Structure formats: structure tokens, C-alpha cells
Amino acid sequence: MVGTYGPKSLATDGSERGLGTDGKLYRPTDSGSGDLGRVGALQAYFVVPATVSEARIELEGDPTGVNALHEGGATTATRVYNLNGQQVKTGAAQLPQGVYIVNGRKMVVK
């Protein structure tokens, strides 16, 4: 899966595919693909071998949701990451408001 910062036209050779509402990965030229030839900014597409005839993604649950919040557990040596996977600091003290990854779990600072 590749995220985009700006709009992108997908390759028509089948190596870049968009996700349809039925969970299938469609080439931009597939019938039934709808408008998957171009992805917008801050969206994603999938890179697969062009020789694969049919690909499908199955997501379990809500992959983008925060399912549970936990208090504590962060030490001064704990690495803190943003949602893009970039380390923002070491130690969870005095973080600005936002959502972070600490010890492999999502943490919300209000």
C-alpha cells in the first residue's frame, strides 16, 4: 500500500491498483473499476505484480479506529511516533494534543 500526498494517475499495466468497494484491487482499465484510474491527495493505492490476475484485500474490524485507550506505561526512554511512523521524540511527557504511537499502541493526548 502506498499513500499519496497529491493526486496520482495509476499505471495501466496492472502494477498499481485501486481498492473497489467489494474489496477487490482493480486495474485502472478493468471494467467495473469505476473511477480508480486516479487517486486523490492523501489517499492510497496498492502495488502488486502486474502478472497477478485478481487480487483482493480483506480487512477485519475497523483498521483506522482507536479501539482502546490505555493510561500510563510510557517511560522517559520510550520512543514516541506520529501516525506516519516518524519518531517525534523520546519520552511521552509534554506532548502536544494529538494521536501518537507509544509502545506499539495508539495514545491520544487531549
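Please read all numbers here as calculations on a predicted model, not as lab measurements.
Remark: the backbone N or O of Q86 is not paired with any side-chain donor or acceptor of N84 at under 3.5 angstrom. Between the side chain of T4 and the backbone N or O of Q43 there is at least one donor-acceptor pair closer than 3.5 Å.
Of all heavy-atom pairs between A50 and R17, the closest is O-NH2, 4.1 Å.
Side chains of I101 and V80 form no contact here, defined as non-hydrogen atoms less than 4.5 Å apart.
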**Request:** Start with the C-alpha distance between R38 and S9, add both sets of side-chain angles, then the distance that settles side chain to side chain donor-acceptor pair (under 3.5 Å), and finish with yes or no.
**Result:** CA-CA 4 Å; R38 186 168 177 81; S9 295; 3.0 Å; yes
**Request:** Let me see the working for K8 and E16 under salt bridge (Lys or Arg N to Asp or Glu O under 4.0 Å), right down to the final yes or no.
**Result:** CA-CA 11 Å; K8 179 185 179 355; E16 297 175 343; 3.1 Å; yes
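The hydrophobic clustering, which links ILVMFWY residues whose side-chain heavy atoms are closer than 4.5 Å, places L25 and V52 apart. The cluster map of Ile, Leu, Val, Met, Phe, Trp and Tyr, joined by side-chain heavy atoms under 4.5 Å apart, puts V2 and Y5 in different clusters.
For the atom pair Y26 OH and R56 CZ, the distance stands at 8.0 Å (nearest 0.5 Å). For the atom pair Y100 OH and L95 CG, the distance stands at 5.0 Å (nearest 0.5 Å). Distance NZ/K24 to CD/E54: 4.5 Å, rounded to 0.5 Å.
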